[in-house]
2 protein chains.
Amino acid sequence: MADLVYQRVISALQQQINQGKFADLKLPNERVLAEEFNVSRSSVKKALNSLIQRGMIFQKQGAGTFINPLYLKNRPMYNISGDNVGVTDMYQKDGQHPDIQVLGFKVLPAKPEIQEALFLEPGEFVYEIQRLRAFDDQPFMIEDGFVPVKLVPDLTEKMIAGSLYNYLQESRNIFVTRSFLTISADVSNKQDQKLLKLKPVEPVGVMEGIFFTDRGTPIEFSHMRLHYKFMRYNTFTALN
Amino acid sequence: MADLVYQRVISALQQQINQGKFADLKLPNERVLAEEFNVSRSSVKKALNSLIQRGMIFQKQGAGTFINPLYLKNRPMYNISGDNVGVTDMYQKDGQHPDIQVLGFKVLPAKPEIQEALFLEPGEFVYEIQRLRAFDDQPFMIEDGFVPVKLVPDLTEKMIAGSLYNYLQESRNIFVTRSFLTISADVSNKQDQKLLKLKPVEPVGVMEGIFFTDRGTPIEFSHMRLHYKFMRYNTFTALN
DNA sequence: AATTAAAATTGGTACGTTCCTTTTTTAAAA
DNA sequence: TTTTAAAAAAGGAACGTACCAATTTTAATT
């Protein structure tokens with residue numbers, strides 16, 4: 001992972017920032033960094049850009065490169081790392097994966113909405129995968145996922161009890177690296193209340209969207225209903 | 001806005017994509033684009049990178065540059081443009097700004113939580129700005145914002161009835177270009193129900209976070225409670 | 001017709017140079 | 001001491017070159 005020049009610079013800077021090396025929250029200028037790391041200014045720029053995207057630092061022309069003070073205070077929130085964008089990986093507690101209970105697993109023709117989302121022809125089949133995820137007897141998410149049969153013809157219930165995306169990656173060399181999600185809230189229904197142990201007035205958070213592979217193929221349409229206390233989506237936005 | 005080379009390329013490509021010029025969802029390769037636009041490959045790369053960040057296109061080494069089919073289907077969702085990251089600008093309906101009703105406006109010492117979020121010393125003062133936003137008699141958001149007095153000492157109730165950030169930009173040359181938000185859901189309380197016209201079982205969406213200037217100064221801590229039918233946060237995530 | 005190997009295509013990485021724009025610092029002037 | 005103007009510092013933009021790595025296409029072979 002460290003054989004690329006700019007990756008090396010990223011790692012080094014990340015480490016230095018976390019160690020508090022830049023007490024005044026100001027980094028050396030790009031030309032100096034280039035000298036220090038013995039790389040070109042272009043490579044420094046590429047590395048810094050990556051850190052900017054993550055919200056760790058920001059730059060101001062004429063002034064310099066600065067550490068985002070929010071990063072230091074909210075470091076846990078920034079750890080949205082991991083190899084893919086699956087839910088299993090999004091939800092971790094001290095590195096522990098949640099328990100998964102399979103509620104349903106069947107094959108059916110794609111409904112129009114699903115058809116469109118996954119770019120399928122009329123009549124094509126999808127798996128419907130219903131799962132409940134929990135941490136220590138506290139269920140927090142009902143997941144209803146649809147995956148085209150033709151993309152993973154050999155799917156079994158066993159694979160589904162674990163991380164589907166890990167399986168795809170390790171056995172099929174398919175990487176799920178993109179997602180398009182809509183986040184909203186909704187009144188809880190009877191099923192939500194039962195499965196997530198909610199009172200009738202307590203709502204659910206809803207995350208709905210499409211996951212797709214590094215080749216741009218939509219691989220899953222997922223509708224997730226979360227216990228409202230467990231849905232916390234953090235987002236860092238920078239314009240310009 | 002179009003005097004920069006890569007901006008010109010971005011605009012041109014955006015237009016061509018929206019016009020459906022690339023029926024097979026595949027763009028010409030970088031070297032060809034460079035020739036077509038009479039710019040260097042580096043500039044093409046910079047432009048394409050920007051479109052990738054927005055989720056419009058994606059690239060695959062050895063294969064080419066492709067349009068994200070989701071972009072074409074969800075174009076409205078992608079229009080998160082605008083000059084800053086204020087709420088006034090986030091919520092628009094046919095280009096119309098929402099109505100703003102000022103519920104409260106006062107100065108008080110920052111509570112510990114606010115103090116920390118805005119990097120203030122103990123005892124420093126903040127404005128508390130409470131507003132209700134609506135579209136055509138349908139209120140959709142209760143906003144509780146805190147702004148350090150020292151940053152905008154001359155704030156008046158009149159400015160608050162409009163876009164605070166526009167005022168800062170035009171009169172003070174302060175640009176609010178970054179935000180760090182947490183999105184969640186909550187049971188609605190009495191006030192929510194009254195102001196947002198909600199039934200007791202209907203929930204609110206919650207967006208809470210910090211806005212800050214292009215100099216990294218936190219300028220507002222904001223707590224927003226939204227009518228659950230009006231909170232739809234769209235997010236495109238790409239790893240690697 | 002299917003398989004395999006070579007070649008071409010295409011994006012990725014890395015370095016370097018030149019000049020511009022904004023901001024900050026310094027020095028001079030009032 | 002304050003104000004103002006010049007200089008320095010710092011990031012931004014744009015171009016270009018060379019080579020690498022993954023993918024696709026093409027041609028040759030079986």
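Throughout, a chain's letter reflects where its sequence line sits, starting with A, and its residues are numbered from 1.
- The residue B:K45 sits close to a base: some heavy atom pair falls under 4.0 Å.
- Judged purely by distance below 3.5 Å, without hydrogens or angles, the side chains of B:T182 and B:E208 never pair a donor atom with an acceptor atom.
- One N or O donor and one acceptor, one from the side chain of B:S42 and one from the base of D:dG16, sit under 3.5 Å apart.
- Dashed line: the shortest gap from a side-chain N or O of A:K60 to OP1 or OP2 of C:dT22 is not under 4.0 Å.
- For A:Y6 and C:dT13, the shortest distance from a side-chain N or O to OP1 or OP2 is below 4.0 Å.
- Looking at the side chain of A:S40, the nearest of the listed nucleotides C:dA14, C:dT10, D:dA14 is C:dA14.
- Place A:A63 and A:N38 on DNA chain C by their nearest nucleotides, and A:N38 ends up nearer the 5' end.
- Distances shown here put every side-chain N or O of A:Q59 at or beyond 4.0 Å from the OP1 or OP2 atom of D:dA10.
- B:L33 has its CG atom 16 Å from the P atom of C:dT9, to the nearest Å.
- Atom-to-atom, CG of A:L4 to C1' of C:dC15 comes out at 15 Å; the value is rounded to the nearest Å.
- Summarising the geometry, the separation between CG on A:D3 and P on D:dA21 is reported as 9 Å, rounded to the nearest angstrom.
- Contact check for A:N68 versus A:M56: no side-chain heavy atoms found under the 4.5 Å cut-off.
- Taking atom CG on B:L27 and atom C1' on C:dT10, their separation rounds to 13 Å, with Å as the unit.
- Computed from coordinates, the A:R31 CZ to C:dC20 C1' distance equals 11 Å when rounded to whole Å.
- Interface remark: the A:Q61 side chain does form a donor-acceptor pair with the C:dT21 base, using a distance-only criterion of under 3.5 Å.
- Taking only side-chain nitrogens and oxygens, A:S43 never comes nearer than 4.0 Å to OP1 or OP2 of C:dT13.
- Counting to the nearest Å, the P atom of D:dG12 and the CZ atom of A:F58 are 12 Å from each other.
- A sub-4.0 Å separation between OP1 or OP2 of C:dT13 and a side-chain N or O of A:K46 is present.
- Distance, B:F37 CZ to D:dA14 P: 14 Å, rounded to whole Å.
- Taking the six-membered ring wherever Trp is involved, the centroid distance between the rings of B:F66 and B:F22 does not fall below 6.0 Å.
- Going from atom CD of A:Q7 over to atom P of D:dC20 covers 20 Å, rounded to whole Å.
- Heavy-atom distances to DNA chain C give each of A:G62 and B:G62 a nearest nucleotide, and the one nearer the 5′ end belongs to B:G62.
- For the side-chain contact (heavy atoms from CB on, under 4.5 Å) criterion with A:V147, the lone passing option out of A:I129, A:V126, A:I160 is A:I129.
- The aromatic ring centroids of A:F146 and A:Y127 lie 6.0 Å or more from each other.
- Between the side chain of B:R41 and the base of D:dG16, no donor-acceptor pair of N or O atoms lies under 3.5 Å.
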